[in-house]
Amino acid sequence: MSRPSQNLDQKLIELGKEKIVISGVSNLSVRQICLAAGINLGMFYYYFKTKENYIKELFKSLNHDLTAGWLIEAAKLSTSEQKLKKMLMLHAKMMREQRGMIETIIKDINIFDKMYVEIGKELHDARMKIYSDLINECKNDGYLDKNIETEEFIAIFTGSVHTYARICEAYEYDNERYYLSIEKMVDFLMQKFRVH
């Protein structure tokens, strides 16, 4: 018996991502996704076994899409400092440009459900690994103080970008002012924690 095409699982993932960014997780219908993909339910369960496994794969794929794009953008730059700044700016960009999508996805999930806790932890750990690697590179290259723990830098940088981005949103900054303000704040932080 031959195995089904390896591209069908990716097609199902792509269709699911389109659906959850529009209508959230609770309105995700496996039947509708299978109908859109032109396959039967049996094929869906062949690939994913359960709807929960499918949802986990959707979130992993969404996170991969985002972080892969960030890494590609950062890789174009020459210094670790430029790469870290770029990552922080992309974080702010995500908060501004994809806020509606993120809110749609999380509005209807039970954040105390074990499955979503595990998904959240896995996605958080993957993102923090990227920041940790970049911060350690900056420390080794002399851009950041080696005496400050990497985890402290992650909290300071990501927390500051997150908080300041929300403030800029609350004041309804236009795009130019929003990104300029975030960039100044990131530059300030990098200067503050630079090795002197």
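Around NZ of Lys51, the count of heavy atoms belonging to other residues, nucleotides or ligands within 6.0 Å exceeds 12. For Lys114, the NZ atom is loosely surrounded, since the number of other residues' heavy atoms within 6.0 Å does not exceed 12. No more than 12 heavy atoms of other residues, nucleotides or ligands lie within 6.0 Å of NZ in Lys93, so this atom counts as exposed by the packing criterion. For Glu97, the CD atom is densely surrounded, since the number of other residues' heavy atoms within 6.0 Å is greater than 12.
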Between Tyr178 and Tyr173, does the ring-ring contact (aromatic ring centres under 6.0 Å, His included) criterion hold? Intermediate values first, please. CA-CA 5 Å; Tyr178 175 87; Tyr173 286 2; 7.7 Å; no

side-chain hydrogen bond (donor to acceptor under 3.5 Å, both in side chains) evaluation trace for Gln82 with Ser78: CA-CA 7 Å; Gln82 291 171 333; Ser78 57; 3.1 Å; yes

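Using a 4.5 Å heavy-atom cutoff, the side chains of Ile20 and Leu62 are in contact. When side chains are defined from C-beta on, Leu15 does not count as touching Lys19, because their heavy atoms never get closer than 4.5 Å. When side chains are defined from C-beta on, Tyr131 counts as touching His91, because their heavy atoms get closer than 4.5 Å. Contact check for Asn175 versus Arg96: side-chain heavy atoms found under the 4.5 Å cut-off.
Taking 4.0 Å as the cut-off between side-chain N and carboxylate O, Lys121 and Asp125 count as a salt-bridged pair. The pair Lys17-Glu14 counts as a salt bridge, with a side-chain nitrogen and a carboxylate oxygen less than 4.0 angstrom apart. Classification of Asp145 and Arg194 as a salt-bridged pair fails, no side-chain N sitting under 4.0 Å from a carboxylate O.
A donor-acceptor distance shorter than 3.5 angstrom exists from the side chain of Asn136 to the backbone of Ser132, with no hydrogens or angles considered.
Considering NE2 of His64 and CD of Glu57, their distance stands at 12.0 Å, rounded to 0.5 Å. Between the NZ atom of Lys139 and the CG atom of Leu134 there is a distance of 13.0 Å, given to the nearest 0.5 Å.
Annotation: Phe193 is in aromatic contact with Phe153 [ring centroid separation under 6.0 Å].
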